[in-house]
Amino acid sequence: MMSHGINKTGNTMKLEMHAHTSESSPCAQISAREVVKAYSRSDYDGIVITDHFDNDLLKDFGSTDRQRIERYLLGYDKAYDTGMECGFTVILGIEIRLEPYAEDFLIYGIDRDFLFAHPNLCFLSQKELYALCHENGAVLYQAHPFRPPCRPQNPEYLDGVEFNQRHNGENRNELLEKWICDYPDLRRISGSDFHTMDNLGFGGIILEQKVKDSVELAEFLKYHTPRLLIEGKEKA
């Protein structure tokens with residue numbers, strides 16, 4: 001699916017907030033290079049690579065923490081290089097699962113050095129992860145809070161929540177819409193949760209300014225309210 005109406009030459013930025021590569025997320029079917037090329041041919045201005053970051057995955061990526069993180073970053077690195085080739089913005093994010101739970105969180109505002117310095121993020125509590133993110137200028141959002149078996153987590157230790165737009169993803173966003181009404185300080189984002197080509201273009205946000213990296217993205221999210229793409233269309 002492809003959504004239209006945002007001019008790439010304008011001052012706004014249409015950004016996919018949740019995408020996976022086959023190099024680093026075994027459940028994804030599209031290589032990093034092809035993900036970026038597909039989005040660059042659409043009306044999106046950029047993409048955040050949020051490959052899965054969990055203990056079951058990382059333990060198979062090497063025998064040392066450094067090897068695991070280097071292997072984990074393979075998808076992002078290839079996506080970034082492809083973005084440089086075609087003049088398309090590629091930003092690093094992660095989708096982390098904390099042990100021993102089923103819930104996933106999206107982190108924006110980190111860089112490679114952060115991951116090398118904190119390879120065992122999966123073993124933090126939500127409160128500890130939230131504090132660490134804020135100490136490093138990052139923000140923490142819960143991904144698809146009502147997609148089974150996920151449940152919404154403590155809003156005190158969240159910056160916001162994701163209205164996930166993955167096609168046929170059982171996201172139950174109508175329940176999230178009701179739940180978030182009780183927590184007006186929580187911010188909202190949208191993402192396609194890209195794993196296959198038929199996920200392209202369902203979600204994302206529209207920013208009122210351009211951002212070039214994870215730091216600028218996190219700063220925007222802290223102080224501005226983006227417009228959301230819901231099922232490929234801008235939410236009224």
Side-chain angles (χ1 to χ4, degrees), residues 3 6 8 12-25 27-28 30-40 42-53 72-84 86-97 104-112 114-115 121 133 136-144 159-166 169 187-196 199-222 224-230 232:
S3 56
I6 304 302
K8 281 192 175 187
T12 59
M13 184 177 193
K14 186 174 182 179
L15 185 64
E16 174 60 73
M17 294 291 283
H18 188 165
H20 298 273
T21 71
S22 61
E23 286 87 350
S24 299
S25 294
C27 55
I30 312 298
S31 70
R33 184 172 182 82
E34 292 305 312
V35 173
V36 174
K37 288 173 66 177
Y39 272 93
S40 70
S42 75
D43 60 349
Y44 282 75
D45 302 291
I47 185 172
V48 186
I49 300 297
T50 54
D51 280 314
H52 292 290
F53 192 99
Y72 171 79
L73 287 167
L74 181 61
Y76 165 74
D77 287 341
K78 289 188 175 183
Y80 180 83
D81 290 344
T82 305
M84 291 294 289
C86 59
F88 189 74
T89 301
V90 176
I91 294 173
L92 176 63
I94 68 172
E95 183 176 17
I96 184 171
R97 179 168 296 177
D104 297 311
F105 300 89
L106 294 160
I107 301 177
Y108 305 105
I110 61 170
D111 58 16
R112 302 170 61 88
F114 176 88
L115 292 179
L121 292 172
C133 286
N136 288 272
V139 290
L140 183 68
Y141 285 68
Q142 187 176 0
H144 43 72
D159 292 292
V161 293
E162 178 203 38
F163 282 79
N164 193 288
Q165 302 302 309
R166 185 176 178 181
R187 296 180 177 271
R188 307 175 185 212
I189 58 168
S190 163
S192 297
D193 199 0
F194 182 95
H195 286 73
T196 60
N199 298 145
L200 191 152
F202 278 88
I205 62 174
I206 300 172
L207 296 74
E208 298 301 327
Q209 65 187 58
K210 305 288 187 182
V211 298
K212 67 178 184 296
D213 57 30
S214 60
V215 173
E216 291 188 359
L217 174 58
E219 286 300 303
F220 181 91
L221 293 174
K222 290 174 191 175
H224 304 278
T225 301
R227 290 135 59 192
L228 305 188
L229 294 170
I230 304 296

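What you see is a predicted model; the values in this text were computed from it and never measured. All residue numbers in this chain count up from 1 along the given sequence.
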For the atom pair CG (N164) and CD1 (I189), what is the distance rounded to the nearest 0.5 Å?
9.0 Å
Looking only at atom types and distance, does a side-chain atom of K78 sit under 3.5 Å from a main-chain N or O of S31, one as donor and one as acceptor?
no
State, to 0.1 Å, how close S24 and G75 come at their nearest heavy-atom pair, and which atoms those are.
OG-N, 2.9 Å
Please report the shortest heavy-atom distance between L115 and L73, naming the atom on each side.
CD1-CD2, 3.9 Å
Are the side chain of T50 and the backbone of I94 linked by a donor-acceptor contact shorter than 3.5 Å?
no
Can any side-chain N or O of D45 pair as donor or acceptor with the backbone N or O of L15 at less than 3.5 Å?
no
For L228, does its backbone N or O pair with a side-chain atom of R188 as donor and acceptor, under 3.5 Å?
no
Nearest 0.5 angstrom please: Y76 OH to D81 CG, how far?
9.0 Å
When you measure from the side chain of D159 to the backbone N and O of Y141, does any donor-acceptor pair fall under 3.5 Å?
no
Any idea which heavy atoms bring Y72 and D51 closest together, and the distance?
OH-O, 2.6 Å
Mind running salt bridge (Lys or Arg N to Asp or Glu O under 4.0 Å) on R97 and D104 for me, showing each step along the way?
CA-CA 5 Å; R97 179 168 296 177; D104 297 311; 2.9 Å; yes
Looking at side-chain heavy atoms only, is the closest gap between M17 and L221 below 4.5 Å?
yes
Kindly say whether L92 contributes a backbone atom to a donor-acceptor pair with the side chain of Y80 at under 3.5 angstrom?
no
Do the side chain of S214 and the main chain of I110 share a donor and acceptor less than 3.5 angstrom apart?
yes
Tell me, do Q165 and D193 make a side-chain contact under 4.5 Å, heavy atoms counted?
no
Salt bridge or not between K210 and E216? Use side-chain N to carboxylate O under 4.0 Å.
no
Heavy-atom side-chain contact between L217 and L207 under 4.5 Å
yes
Who are the side chain to side chain contact (heavy atoms under 4.5 Å, CB included) partners of A79, not counting sequence neighbours?
A32, V36, I49, V90
S190 side chain to L229 main-chain N or O, any donor-acceptor pair under 3.5 Å?
yes
Output for pair (D43 CG, K14 NZ), nearest 0.5 Å, gives 3.5 Å
Using the ring of each side chain (for Trp, its six-membered ring), is H20 parallel, tilted or perpendicular to H195, with breaks at 30° and 60°?
tilted
Treating Y44 as the side-chain partner and L200 as the backbone partner, does any N or O pair qualify as donor plus acceptor under 3.5 Å?
no
Would the distance check show the side chain of N136 and the main-chain N or O of A138 forming a donor-acceptor pair, the cut-off being under 3.5 Å?
no
Measure up the H224 and F220 rings against each other and bin them: parallel (under 30°), tilted (30 to 60°), perpendicular (over 60°).
parallel
Would you please say whether a donor-acceptor pair under 3.5 Å links the side chains of S192 and N199?
no
Between M13 and Q209, what is the shortest heavy-atom contact and its length?
CB-O, 3.6 Å
State, without any angle test, whether H18 and E162 hold a side-chain donor-acceptor pair at a distance under 3.5 Å.
yes
E95 and side chain to side chain contact (heavy atoms under 4.5 Å, CB included): which single residue from L106, V48, I107 fits?
L106
So, taking the atom named CZ in F114 and the one named CG in L121, what distance separates them when rounded to the nearest 0.5 Å?
5.0 Å
Answer whether the closest heavy-atom distance between the side chains of I47 and F194 falls below 4.5 Å.
no
